[in-house]
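These numbers come from a predicted model, not from an experiment. What you see below is based on every heavy atom in this structure, not just the backbone, and it leaves out hydrogens, waters and symmetry mates.
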Amino acid sequence: MPANRTPQYIVNKYISHNSYMFVRGESLGAGSLVERGKEPAATSTPTTPTSSAEARSILASQRLKRPVSPHLSIYQPQLTWYMSATNRITGAILSGGLYSFALLYLISPYLGFHLESATLAASFAALPVAAKVGIKAFIAAPFTFHSLNGIRHLVWDTGRQLHLKGVYRTGYAVLGLTAVSTAALALM
């Protein structure tokens, strides 16, 4: 290394992203991240040449020491991401249930099950009223939520209700209509 150049500094401390600043400069290497107010001084480590295998080994050991990204724990819970997650979960429940029933319906004659419409209707009719309402609510809740939230997304696709107030208004409307329509379908 030439005598007039400062060695590169290595910053090993990881803290929240708000307390880092982007530093450009020859002494730090282009695009280095350092902690605000703690620019490297005398505690620097010069870089040394390494082989490709050693570099991969060092990188692998550094990756094991890195903290896990804070992910959702750093954000305040909001209606928008609760509804997004619930929409995905209800979609998976509905499609999984449909595919499972369709597959069972196709193989039921080979397994000796009777899944004909008359058999299912008679079995359902023999259940107590509370069980009937519970089963219908269990099926109706994800169906109505996913359907109504799908309509909400179609409205957004037209460019309407995309402001913060509209997003929350339509979110609460979906939740209210889901409760009403679930109760209506369960009590039919």
Side-chain angles (χ1 to χ4, degrees), residues 13-20 33 56 59-188:
K13 187 174 182 181
Y14 295 97
I15 53 178
S16 73
H17 64 85
N18 289 334
S19 58
Y20 282 105
L33 284 174
R56 280 194 294 276
L59 183 61
S61 67
Q62 287 176 345
R63 285 180 177 161
L64 290 174
K65 295 175 188 173
R66 289 180 186 162
V68 177
S69 174
H71 192 48
L72 297 177
S73 62
I74 66 168
Y75 298 108
Q76 179 181 353
Q78 296 180 2
L79 177 71
T80 51
W81 59 269
Y82 276 131
M83 291 192 66
S84 176
T86 306
N87 194 49
R88 293 164 194 255
I89 292 167
T90 56
I93 289 170
L94 291 169
S95 61
L98 177 68
Y99 287 130
S100 298
F101 180 77
L103 183 63
L104 187 62
Y105 187 80
L106 288 174
I107 64 172
S108 65
Y110 302 108
L111 299 176
F113 295 146
H114 295 285
L115 291 180
E116 299 88 17
S117 297
T119 306
L120 291 175
S123 298
F124 192 77
L127 293 173
V129 173
K132 290 179 193 177
V133 171
I135 290 170
K136 289 192 283 185
F138 181 75
I139 295 170
F143 177 78
T144 57
F145 177 82
H146 196 75
S147 299
L148 293 169
N149 208 39
I151 293 169
R152 177 181 182 220
H153 279 266
L154 288 174
V155 169
W156 287 351
D157 288 343
T158 66
R160 294 182 180 98
Q161 299 298 322
L162 284 175
H163 47 87
L164 189 60
K165 191 174 183 179
V167 168
Y168 274 86
R169 185 183 320 127
T170 57
Y172 287 121
V174 165
L175 291 175
L177 289 170
T178 297
V180 170
S181 58
T182 298
L185 289 171
L187 295 173
M188 286 177 99

**Asked** Between NE2 of His146 and CD1 of Ile93, what distance do you get to the nearest 0.5 Å?
**Response**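 Rounded to the nearest 0.5 Å, the NE2-CD1 separation comes out at 10.5 Å.
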Smallest separation among heavy atoms of [X] and [Y], with atom names:
X      : Y      : result
Leu185 : Lys136 : O-CD, 4.0 Å
Ala92  : Ser95  : O-OG, 3.4 Å
Met83  : Asn149 : CE-OD1, 3.6 Å
Leu120 : Leu115 : CD1-O, 3.7 Å
Leu94  : Phe143 : CD1-CA, 3.8 Å
Thr158 : Val155 : OG1-O, 2.5 Å

**Message:** For Arg169, is the CZ atom crowded, meaning more than 12 foreign heavy atoms sit under 6.0 Å from it?
**Reply:**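 Atom CZ in Arg169 is crowded, with more than 12 foreign heavy atoms closer than 6.0 Å.
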**Item:** Donor-acceptor contact present, side-chain Ser181 to main-chain Leu177, <3.5 Å
**Value:**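 The answer is yes, because a donor-acceptor pair under 3.5 Å joins these two groups.
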**Asked** Can you tell me if His114 and Thr119 form a side-chain donor-acceptor pair at under 3.5 Å?
**Response**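 No, Thr119 and His114 have no side-chain donor paired with an acceptor closer than 3.5 Å.
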**Asked** Do Thr178 and Thr144 have side-chain N/O donor and acceptor atoms under 3.5 Å apart?
**Response**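 No, no side-chain donor-acceptor contact under 3.5 Å.
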**Message:** Can you confirm whether Pro128 sits close enough to Lys132 that some side-chain heavy atom of one is under 4.5 Å from a side-chain heavy atom of the other?
**Reply:**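 Pro128 does not reach Lys132 side chain to side chain.
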**Prompt:** Can you find a pair of side-chain heavy atoms, one from Gln161 and one from Tyr168, that are under 4.5 Å apart?
**Reply:**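 Contact flag for Gln161/Tyr168 side chains = no.
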